[in-house]
Structures are given as C-alpha cells and as structure tokens.
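The structure appears right after this line, and notes come after that.
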Amino acid sequence: MFKIVLIGDGAVGKTSLRRRWMGEAFEVNYIFTIGCDFAIKEFQFDKDIKVKLQIWDLGGQPHFKEVRKAFYVGASGGIVLYDVTNRESFKNVKMWVAELIKHTKKKVPVVIVGNKIDLRINEGDYISTLEGLKLKRQIVKEFGVKALFSETSAKTGENVDKVFRGITALLLQELGVIKPVTTESVIDERYANLLTEICKLLGLNGETWKDAPEYVLDVLRRVLKGKTGTENSYSEAVGFTE
Ligand code: G3D
Ligand code: MG
C-alpha cells in the first residue's frame with residue numbers, strides 16, 4: 001500500500017482525475033481538520049503484483065500552508081497537476097514539488113500531469129506538450145527526484161490510468177520489486193544517437209524520443225506530409241521514461 005498525494009492549484013482537476021480513475025462509487029473519507037479526503041483503490045499492476053493506492057486529495061483550502069503539513073505525512077509519492085489552459089497553475093508546479101519534498105522530508109517520486117487536454121483545441125495560450133516535458137526535465141535536475149510526465153483529460157479519461165500506473169511503477173522500482181526500464185539500457189548507443197539526431201532535425205530537443213516517442217513520430221509524420229503547427233496538436237499518449 002502506498003500513500004499518494006494529489007497536489008496542484010485549485011480547479012486544475014485533482015478531484016476529477018481521482019474520480020475518473022476510481023469511479024464515483026468509491027468510499028471517500030473526509031478528514032475535516034486538514035480539509036482533504038482520501039480513498040483507496042486496489043489494482044493489479046501486472047499479473048504478479050497487486051497494489052493498493054491510498055489517494056489523498058487536497059481540498060479547496062490550499063492556502064492554509066500549516067494545515068498542509070499533516071496532509072503530506074507518510075506520502076510515498078506525488079501526482080502534481082496543472083491545467084494546460086492555465087499558465088499560472090503551470091508556473092506553480094515547482095512550488096508544489098518543493099513543498100512535497102519539504103514535508104515528506106524525502107525525494108519522493110512524482111508524476112507531473114498536464115490536465116484538461118480536451119480543451120486544447122483552438123488557438124490560445126495553452127501549455128504545450130514540449131513545455132510540459134521541459135518542466136519535467138528541470139524538476140528532475142533541480143530537485144533530484146524521479147519523475148514522469150503525462151497529459152490527461154479527466155473529462156474524456158485519456159491517459160488517466162497511465163498516471164496512476166506510472167507513479168506505482170516508480171514506487172515499485174524504488175523498492176526494487178520491478179526493474180527500472182531505462183531507455184538507454186535497451187537501446188544500442190548507435191540507435192540512441194540516430195534518434196537524437198532525428199529529433200534535432202525535427203527541431204525538437206534531442207532527448208524528446210526518450211520521453212515521448214509517439215510525439216516524435218507524430219511530428220515526423222506531419223513534417224513528411226508537409227504540415228506544420230505541431231506545438232499544440234498532440235494529444236495522444238505520451239510515453240513514460242525516467
Ligand atoms: P480540483 O480538485 O483540482 O480543485 P476539480 O479541481 O476536479 O474540482 O475540477 C475543477 C473544474 O475543472 C471542474 O469544473 C471540473 O469539471 C473541470 N475539469 C477537471 N478536469 C477536467 C478536464 O480534463 N477537462 C475539462 N474540460 N474540465 C475538467 P466545474 O465547472 O465543475 O467547476
Ligand atoms: Mg478538489
């Protein structure tokens with residue numbers, strides 16, 4: 001059993017994400033003193049491993065910093081959300097990660113999640129997949145934590161399962177229960193160089209293939225078809241790597 005905290009600015013979709021993954025029927029326990037609730041879901045991670053996740057959801061009073069300390073006690077990992085249509089919430093992600101590390105007193109693994117991708121349809125100042133990936137890399141560097149990145153829609157359900165499986169995978173890796181699947185360990189150096197060069201030729205960060213192979217393929221397809229405007233067009237599954 002792992003305790004996972006769902007954090008991020010108000011209205012980014014924390015409760016919606018949890019509901020989407022757990023279903024409405026789950027029993028939720030409200031902890032009045034800290035204004036948050038938690039629910040437990042047991043699931044089969046793979047054919048041999050069954051995991052219980054205790055999901056703690058920060059309530060509507062994120063301003064009470066003191067009260068939040070109790071919320072973090074004993075957490076093994078965090079899911080940090082921002083809303084892809086809300087730049088302020090994106091800017092605050094690092095603050096949330098810092099707080100998580102401070103109060104758990106451990107470099108707990110995190111999944112960074114850009115939510116509400118169903119709204120990223122027309123023109124607008126939306127947070128792109130690449131911006132999200134870049135932020136994830138910064139967080140890994142600056143905080144020294146293991147991190148994954150994904151983009152979701154709690155409304156359509158896209159990638160929601162992946163987020164909870166992703167944080168579980170990081171925790172199981174930490175315990176040594178499963179082997180970390182690092183891209184480098186499975187890809188020959190020559191091919192790694194090739195993929196890095198392809199990314200650069202496409203105008204992407206050379207590392208993008210490690211985080212989001214599907215995205216690179218999507219960009220490549222568009223370029224080959226002579227299409228441009230790749231920034232906000234991608235809403236398919238974003239691959240997980242360390
Ligand atoms: P919070 O728990 O982080 O505060 P909520 O956020 O889960 O309460 O969600 C805040 C609002 O955003 C809700 O709208 C919710 O329906 C909406 N929302 C959450 N996730 C998504 C998403 O992926 N796509 C879209 N389009 N909306 C989402 P209301 O209007 O009920 O306040
Ligand atoms: Mg909520």
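In listed order, ligands and their atoms are each counted from 1. Numbering starts at 1 and runs along the sequence shown.
Put simply, the side chain of D46 gets close to the backbone of I49: a donor and an acceptor are under 3.5 Å apart.
Within a 4.0 Å radius of atom 32 (O) of ligand 1, the protein contributes no heavy atom. Within the 4.0 Å cut-off (strictly below), a protein heavy atom is located near atom 1 (P) of ligand 1. Within a 4.0 Å radius of atom 29 (P) of ligand 1, the protein contributes no heavy atom.
Checked by atom type, the side-chain pair D37/W56 shows no donor-acceptor distance below 3.5 Å.
Ring orientation note: the planes of Y82 and F149 are close to parallel, at an angle under 30° on the 30°/60° scale.
Here the shortest heavy-atom distance to atom 8 (O) of ligand 1, taken over I7, D9, T15, belongs to T15. Nearest to atom 4 (O) of ligand 1 by heavy-atom distance, out of A154, G8, A11, is A11.
Nearest protein heavy-atom neighbour of atom 12 (O) of ligand 1: K116 NZ, 3.1 Å. Protein heavy atom nearest atom 5 (P) of ligand 1, with residue, atom name and distance: S16 OG, 3.6 Å. Annotation: atom 6 (O) of ligand 1 to nearest protein heavy atom, G13 N, 3.1 Å.
At a cut-off of 2.8 Å, T15 coordinates the Mg ion (ligand 2) through an N, O or S atom.
Distance check: L135 CG to K91 NZ gives 12.5 Å after rounding to the nearest 0.5 Å. Interatomic distance, CD1 of I7 versus SG of C36, reported as 12.5 Å (0.5 Å rounding).
Checked for salt-bridge contact, E207 and K210 meet the test: a charged N lies under 4.0 Å from a carboxylate O. Ion pair K14/D57 not flagged as a salt bridge, since none of the NZ, NE, NH1 or NH2 atoms sits closer than 4.0 Å to an Asp/Glu carboxylate oxygen. A salt bridge links E131 with R87: the closest approach of a Lys/Arg side-chain nitrogen to an acidic carboxylate oxygen falls below 4.0 angstrom.
Contacts between D118 and ligand 1, counted as non-hydrogen atom pairs separated by less than 4.0 Å, involve the side chain only.
Residue contact check: L119 has heavy atoms under 4.0 Å from atoms 26 (N) of ligand 1.
When only interatomic distances are considered, the shortest N/O to N/O separation between N115 and ligand 1 falls below 3.5 Å. Here's the thing with K14: one of its N/O atoms is less than 3.5 angstrom from an N/O atom of ligand 1. Residue I117 has no nitrogen or oxygen atom sitting less than 3.5 Å from a nitrogen or oxygen atom of ligand 1, judged on distance alone.
Counting heavy atoms of neighbouring residues, nucleotides and ligands inside a 6.0 Å radius, atom NZ of K155 does not exceed 12 of them.
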